[in-house]
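One-based numbering along the sequence shown.
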Amino acid sequence: MKTVTEPHWQLEAVCFLETPDAPELWTADREPKRAVLVHLERMCQRCPVRRTCAAEAVRNEEQSSMHAGVWVPERSTS
């Protein structure tokens, strides 16, 4: 198994390779429909950089998008 340690790990991500022109699938203004979520979850399950993606999402406090197969909702300000 190859370990990705370079800053451009995203270039090996399944989402980048298969849907580079469809970022709205990954960062929607509202939660995607269930069918889209299932499709995205399946892509993430077979991604070689899934752990790195999850670590980056936590480190960057990402919200309102899909990361490593998990939909992260927008955080409330209250």
Side-chain angles (χ1 to χ4, degrees):
M1 185 170 136
K2 181 178 177 186
T3 303
V4 178
T5 57
E6 60 190 62
H8 301 289
W9 60 267
Q10 298 98 333
L11 299 177
E12 295 189 30
V14 171
C15 61
F16 176 80
L17 295 171
E18 294 183 9
T19 62
D21 296 326
E24 68 277 2
L25 289 176
W26 302 97
T27 55
D29 290 336
R30 55 183 160 63
E31 186 171 348
K33 294 184 179 179
R34 184 70 195 144
V36 173
L37 282 173
V38 168
H39 173 71
L40 299 178
E41 289 166 354
R42 287 182 181 153
M43 288 177 73
C44 290
Q45 287 173 353
R46 58 189 172 84
C47 186
V49 294
R50 185 175 182 184
R51 287 184 177 183
T52 305
C53 180
E56 285 291 311
V58 170
R59 185 176 306 117
N60 296 328
E61 297 181 2
E62 297 289 349
Q63 61 181 347
S64 219
S65 54
M66 177 72 76
H67 297 279
V70 177
W71 174 256
V72 180
E74 186 172 353
R75 293 182 178 104
S76 64
T77 56
S78 54

Which atom names give the shortest non-hydrogen contact between P48 and V14, and what distance separates them?
CD-CG2, 4.0 Å
Value rounded to 0.5 Å, distance of SG in C47 from CG in L40:
12.0 Å
Identify which one of E41, Q45, H39 satisfies the side-chain contact (heavy atoms from CB on, under 4.5 Å) criterion when paired with M43.
H39
So which heavy atom on L17 is nearest to which on L11, and how close?
CD2-O, 3.5 Å
Please enumerate all residues that pass side-chain contact (heavy atoms from CB on, under 4.5 Å) together with A68, with sequence neighbours excluded.
R50, C53, A54
Which atoms form the tightest heavy-atom contact between F16 and Q10, and what is the distance?
CB-O, 3.3 Å
